[in-house]
Number of protein chains: 2
Amino acid sequence: MGNIMEKNTKEGYGKILGRLEQEILDVLWSKGDATGKEIFDSIKSKREIALTTVLTVIERLTNKNFVKKVRGESVYIFKPAFTKDEFAGKVSKEMLKSIFEISASGASASFVDMLADTHPLELDRLAFLIESKKKEMERKAWRR
Amino acid sequence: MGNIMEKNTKEGYGKILGRLEQEILDVLWSKGDATGKEIFDSIKSKREIALTTVLTVIERLTNKNFVKKVRGESVYIFKPAFTKDEFAGKVSKEMLKSIFEISASGASASFVDMLADTHPLELDRLAFLIESKKKEMERKAWRR
DNA sequence: CATTCTATTCGACAATTTGTAGAATGTCAA
DNA sequence: TTGACATTCTACAAATTGTCGAATAGAATG
């Protein structure tokens with residue numbers, strides 16, 4: 001039947017990062033840290049691309065504070081500024097804020113569906129998180 | 001202390017729609033349907049803007065299938081293609097998919113935090129949704 | 001029918017974001 | 001000094017969104 005949200009925009013709506021940006025962060029998350037050349041090699045092994053292209057985008061990620069740049073011996077070394085979890089957390093907080101402004105209930109329903117489809121085991125953890133959060137809120141309400 | 005995700009990009013990361021796009025959909029969601037002129041009037045009452053600007057963006061939303069355009073008597077009438085809930089559901093599905101590819105656990109945690117902050121009462125509904133979903137999954141697993 | 005509003009569509013330009021990469025410049029060792 | 005390698009600069013292209021004026025199409029009126 002074809003999803004209505006498709007094909008209208010370049011990347012779709014949920015895209016946080018561009019393709020190359022994502023590739024770079026993936027390399028960094030998997031290696032922990034890397035030189036520009038290493039990142040380039042890794043991406044180059046999958047598709048044709050110029051070194052400077054990769055360097056440029058790494059630089060941009062650095063400016064966005066997604067990547068840290070530190071001087072190594074004779075070469076810069078790049079590190080992810082956040083772990084995957086931290087990153088996902090920060091970004092989703094932003095995104096969800098936008099969505100919640102439109103409709104919290106619609107977002108909740110989708111969230112559960114999505115989770116059930118892709119990470120069914122996470123459902124239990126989510127249930128647990130909710131319980132914890134509720135308890136935490138009670139404690140806070142208590143202390144007043 | 002200042003969120004690290006701020007100020008780097010024009011709009012921030014979670015933005016699904018541009019400002020004017022959002023304003024237009026908001027008008028449509030609140031009125032149910034409206035002519036171009038009506039939408040324009042509504043937005044114009046809050047800030048200076050040209051009629052054609054609004055019309056152009058309505059047209060773009062129509063092409064994205066966010067808005068339906070139907071011939072009324074002598075004037076076109078626009079309607080939201082989705083309710084707020086549907087829209088939030090569809091969009092968040094997309095977004096969450098992206099985020100989950102990065103980290104499901106980070107996203108879950110943020111989700112709960114966000115919900116607790118902005119719509120605390122939704123927490124119970126979410127817990128309920130999870131339970132329902134789990135039961136549904138059990139039933140499906142059962143039938144095999 | 002010609003004139004005059006009003007509605008709608010077109011075409012354009014600006015700013016931002018992301019991808020792309022060559023040119024220029026910097027660094028360090030032989 | 002001369003290479004070889006590293007890093008930065010500069011630029012362009014395509015998309016997206018905001019912004020409108022000009023042109024065109026339709027409807028209403030005299």
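Order of the sequence lines sets the chain letters (A, B, ...), proteins ahead of strands, with each chain counted from 1. If you're wondering where the values come from, they're calculated on a predicted model, not measured in any experiment.
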Worksheet item: Are A:Ile58 and A:Ile77 connected in the hydrophobic side-chain network, where two residues link if heavy atoms are under 4.5 Å apart?
Response: no
Item to complete: Mind calculating the distance between NZ (B:Lys44) and P (D:dC20) to the nearest angstrom?
Response: 9 Å
Item to complete: Measure from NZ on B:Lys64 to P on D:dT16 and round the result to the nearest Å.
Response: 8 Å
Practice prompt. Measure the distance from CG on B:Asn63 to C1' on D:dT17 and round it to the nearest whole Å.
Written response: 14 Å
Worksheet entry | Nearest-angstrom distance from the residue atom CD of A:Gln22 to C1' of C:dT18 | 14 Å
Item to complete: Give one of base, sugar-phosphate or nothing for B:Leu17, where a contact means two heavy atoms less than 4.0 Å apart.
Response: nothing
Item to complete: Look at the side chain of A:Val57 and decide which nucleotide, out of C:dT8, C:dG19, C:dG11, has an atom nearest to it.
Response: C:dG19
Discussion item. Between the base of D:dC20 and the side chain of B:Thr56, is one N or O donor paired with an acceptor at under 3.5 angstrom?
Written reply: yes
Fill in: cation_pi(B:Lys69, B:Tyr76) dist<6.0 Å, angle<=45
yes
Discussion item. Heavy atoms from C-beta onward define the side chain here; which of C:dG19, D:dT17, C:dT20 lies closest to that of B:Arg60?
Written reply: D:dT17
Fill in: Counterpart base for D:dG30, defined by Watson-Crick or G-U wobble contacts under 3.5 Å
C:dC1
Practice prompt. Return the value, rounded to whole Å, for the distance between atom CD of A:Glu59 and atom P of C:dG19.
Written response: 15 Å
Item to complete: Given ring pair (Phe, Tyr, Trp, His ring centres under 6.0 Å), test B:Phe111 with A:Phe100 step by step and report yes or no.
Response: CA-CA 10 Å; B:Phe111 190 85; A:Phe100 280 18; 5.7 Å; yes
Discussion item. Just to be sure I understand the rule, does A:Thr35 reach a base, reach only the sugar-phosphate, or reach nothing, if contact means heavy atoms closer than 4.0 Å?
Written reply: nothing
Practice prompt. Classify the side chain of A:Thr52 and the base of C:dG22 as holding, or not holding, a donor-acceptor pair under 3.5 Å.
Written response: yes
Item to complete: Kindly point out which of C:dA21, D:dT8, C:dT18 is positioned nearest to the side chain of A:Thr53?
Response: C:dA21
Discussion item. If I take atom CG in residue B:Leu55 and atom P in nucleotide D:dG18, what distance separates them, rounded to the nearest angstrom?
Written reply: 15 Å
Item to complete: Measure from the side-chain heavy atoms of A:Arg19 and tell me the nearest of C:dG19, D:dG18, C:dT9.
Response: C:dG19
Discussion item. Please report the distance, rounded to the nearest Å, between NZ in A:Lys69 and C1' in D:dA6.
Written reply: 10 Å
Fill in: Test item: B:Glu86 and B:Thr83 side chains (from C-beta on) under 4.5 Å apart, heavy atoms
yes
Item to complete: Mind telling me whether A:Phe87 and A:Phe82 have parallel, tilted or perpendicular rings, with 30° and 60° as the class edges?
Response: tilted
Worksheet entry | First encountered from the 5' end of DNA chain C, between A:Ser74 and A:Glu21 | A:Glu21
Worksheet item: When the distance from CG of B:Leu51 to P of D:dT19 is rounded to whole Å, what number comes out?
Response: 14 Å
